[in-house]
Amino acid sequence: MRYSQIFIPTLKEAPADAEIASHQYMVRAGLIRQLASGIYSTLPLGLRVIRKIENIIREEMDRIGGQEVFLPSIQPSELWKESGRWDFYGKELLRIRDRHDREFCYGPTHEEVITDLVRKEVKSYKQLPLTFYQIQTKFRDEVRPRFGIMRGREFMMKDAYSFHPDEESVNKTYDDMARAYSNIFERCGLEYKKVEADTGAIGGARSHEFHVLADSGEDEIGFCDICDFASNLELAQRRIPSETGEAENQDAKAIEEISTPGKKTIEEVTSFLSITPQEIIKTVIFESNAGLVAGLCRGDREINPIKLKKLLDCEWLHPADQSKQDDSIAYGYIGPIGLKLPMYADAEILQMPQAVAGANKTDCHLTGIYPPRDLSTIKTGDICFAKANDPCPQCDKGTLQVKRGVELGHIFVLGNKYSKSMKAHFLDANGKEQAMIMGCYGIGVGRTAAAAIEQLHDEKGICWPKSIAPFQIEVIPVNIKDEATVTAAETLYKTLTQNGIETLLDDRPERAGIKFKDADLLGLPIQIIIGPKTLQEGLVELRIRKSGGTLSIPLDQASEKAQKILTEL
RNA sequence: CGGGAUGUAGCGCAGCCUGGUAGCGCACUUCGUUCGGGACGAAGGGGCCGGAAGUUCAAAUCUUCUCAUCCCGACCA
């Protein structure tokens with residue numbers, strides 16, 4: 001492709017509303033342009049990257065027996081009412097009406113549509129299992145779109161759905177899918193992590209996310225520095241302290257009330273009493289469908305509502321709104337002794353040899369609490385977030401590292417949630433009617449491109465991995481007024497193109513500096529620079545974008561050499 | 001949905017406090033010189049200052065409302 005024939009509007013300066021590197025470079029390198037909040041146009045160069053990723057995904061999906069389909073993005077409300085999600089999904093679901101005033105939505109996901117398709121066509125176990133996938137635009141009316149294409153409202157997604165007669169079958173496809181995902185991200189040249197994930201409201205049995213580690217990521221990933229344990233921090237298990245026994249304290253003192261006027265926060269109390277947060281029991285009030293409850297943990301910990309909810313086994317739970325609660329709760333001075341609420345404690349507190357806690361009385365705290373003695377009746381469990389340097393919950397030796405990650409893929413075993421509510425039934429070998437078992441699997445395609453930039457860039461621009469680079473090689477004639485330069489560049493361009501190398505020839509009548517800056521910004525893996533000076537000696541310059549390394553090679557070997565280096569990249 | 005900020009030429013910004021009819025850099029057009037890391041000179045083109053209402057002789061500037069965009073948080077199959 002000639003630069004003069006492809007629209008690549010590069011920008012010298014980053015737009016003011018782009019915060020993170022990938023967003024800035026996607027705009028600056030002319031890959032995308034914004035239309036509205038969270039809605040972007042993809043330009044020719046950007047589309048080439050998207051297509052590359054799509055094709056890798058297609059190959060890997062096809063390899064595990066996935067069949068590509070293309071489902072409607074506009075979906076009738078009836079299906080969503082049937083699955084129960086018309087009400088449940090909330091404002092994220094963009095609802096629209098047609099001229100007959102019939103309700104539709106713009107699909108944020110396609111469980112309903114695919115389940116409807118399969119239930120109509122599949123009646124027998126002999127037709128199962130089935131795996132369908134599609135690559136298509138989704139719309140989710142996010143409250144707060146951000147980071148450009150990273151978290152858009154309209155976005156390109158590969159979604160796949162599988163249907164099975166039994167657990168064994170779904171688990172096999174799930175494992176295949178997990179391997180396919182690893183292959184995909186590997187082939188995209190990304191450093192990724194497969195992590196345990198929350199099944200969320202979907203409530204399936206198994207779920208993993210695929211994350212690319214990047215500081216701008218929105219999730220926190222905890223992983224062991226020794227074994228292969230990796231988990232989204234929102235659910236990462238901890239090594240439960242109670243397993244290692246309760247704290248012993250022969251000299252346990254009696255509980256004593258002390259005056260702590262105005263000292264409400266952990267910070268204020270620790271500095272006032274000259275103690276550490278590890279010596280404080282923090283008490284947090286939550287509101288749930290079972291009423292108000294209190295969660296207890298060590299002062300340096302944060303309670304994880306998801307874990308607490310599981311321990312309570314309740315429907316919903318969230319931190320109580322302090323402003324609207326009654327005066328019987330002394331906020332800032334809450335503690336487990338004498339609190340008239342159901343209490344749940346993190347098991348770690350039983351390891352505290354002595355503790356300070358609120359006295360449930362304004363301006364007072366209690367000291368000398370010995371949890372194994374004073375709080376033994378409280379139900380305990382793992383209700384806190386794991387954090388960096390916690391012992392690994394899987395192996396004996398490792399400690400937890402925490403890094404931020406961008407979620408590129410998510411796979412679920414769905415079970416029969418949709419097949420049941422939407423009556424996707426089949427007859428098994430015994431002639432018995434059963435609900436199909438389902439799995440669903442997603443990859444954010446545009447987000448993968450953004451994450452690649454996030455992971456592979458420098459101060460000059462993008463450094464594409466060759467597999468998803470819009471072109472592999474950029475040929476740069478330094479001065480197009482020099483006939484020999486142009487001839488050499490044209491010849492090399494033709495040779496490379498004929499050999500199937502996607503090559504961009506910068507044939508613009510621009511000065512060398514501009515071409516170099518743009519080339520670095522676009523980030524094609526290899527640049528071949530042709531100029532009059534070196535050409536006199538029959539040489540051209542080959543530059544590897546990522547390392548910045550250059551080497552002089554004879555013009556007549558340039559094509560061959562470049563192809564060789566490309567395969568080694 | 002709560003908090004914060006910003007809307008002035010394609011992009012980045014100044015002007016606003018202290019009202020007097022819009023400016024800088026880059027980009028763009030033409031000509032000349034230059035030509036291996038975002039050249040130089042000269043001459044140009046482009047903006048109802050996000051929108052509406054109000055105050056005023058006069059509004060980019062003051063007031064009110066509204067819309068949009070971004071950031072932080074809550075939320076997130």
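A cation-pi arrangement is not found for A:K194 relative to A:Y181, the charged atom failing to lie both closer than 6.0 Å to the ring centre and inside a 45° cone about the ring normal.
The pair A:K460-A:D458 fails the salt-bridge criterion, with no side-chain N (NZ, NE, NH1 or NH2) lying under 4.0 Å from an Asp/Glu carboxylate O. A:R146 has a carboxylate O that lies under 4.0 Å from a charged side-chain N of A:E218, or vice versa, which qualifies the two as a salt bridge. Using a 4.0 Å cut-off between a side-chain N of Lys or Arg and a carboxylate O of Asp or Glu, A:R153 and A:E142 do not qualify as a salt bridge.
The base of B:G37 is paired with the side chain of A:D520 by a donor and an acceptor separated by under 3.5 Å. Residue side chain A:R85 does not reach the base of B:A77 through any donor-acceptor N/O pair under 3.5 Å, judged by distance alone.
Separating the CD1 atom of A:I39 from the C1' atom of B:U69 is a distance of 13 Å, rounded to the nearest angstrom. Atom P of nucleotide B:A77 and atom CH2 of A:W80 are separated by 12 Å, given to the nearest angstrom.
When heavy atoms are screened at a 4.0 angstrom cut-off, A:A18 is found touching no nucleic acid atom at all. In this structure, A:D482 reaches neither bases nor backbone, as no heavy-atom distance under 4.0 Å exists between it and the strands shown. Within the nucleic acid shown, A:K515 has no heavy atom closer than 4.0 Å to any nucleic acid atom. When heavy atoms are screened at a 4.0 angstrom cut-off, A:E541 is found touching base atoms of the nucleic acid. Looking at heavy-atom distances under 4.0 Å, A:F147 makes contact with sugar-phosphate atoms alone, never a base. Within the nucleic acid shown, A:R543 comes within 4.0 Å of at least one base atom, counting heavy atoms only. Among the heavy atoms of the strands lying under 4.0 Å from A:E92 are primed sugar atoms or P, OP1, OP2 only; no base atom is included.
Considering only side-chain N and O atoms, A:R144 lies under 4.0 angstrom from the phosphate OP1 or OP2 of B:C72. Remark: A:S37 is in phosphate contact with B:C70, judged by side-chain N or O atoms under 4.0 Å from OP1 or OP2.
When each of B:C1, B:G36, B:A39 is scored by its nearest atom to the side-chain atoms of A:A512, the top-ranked nucleotide is B:G36.
Side-chain contact, A:T485 with A:N479: no donor N or O sits under 3.5 Å from an acceptor N or O.
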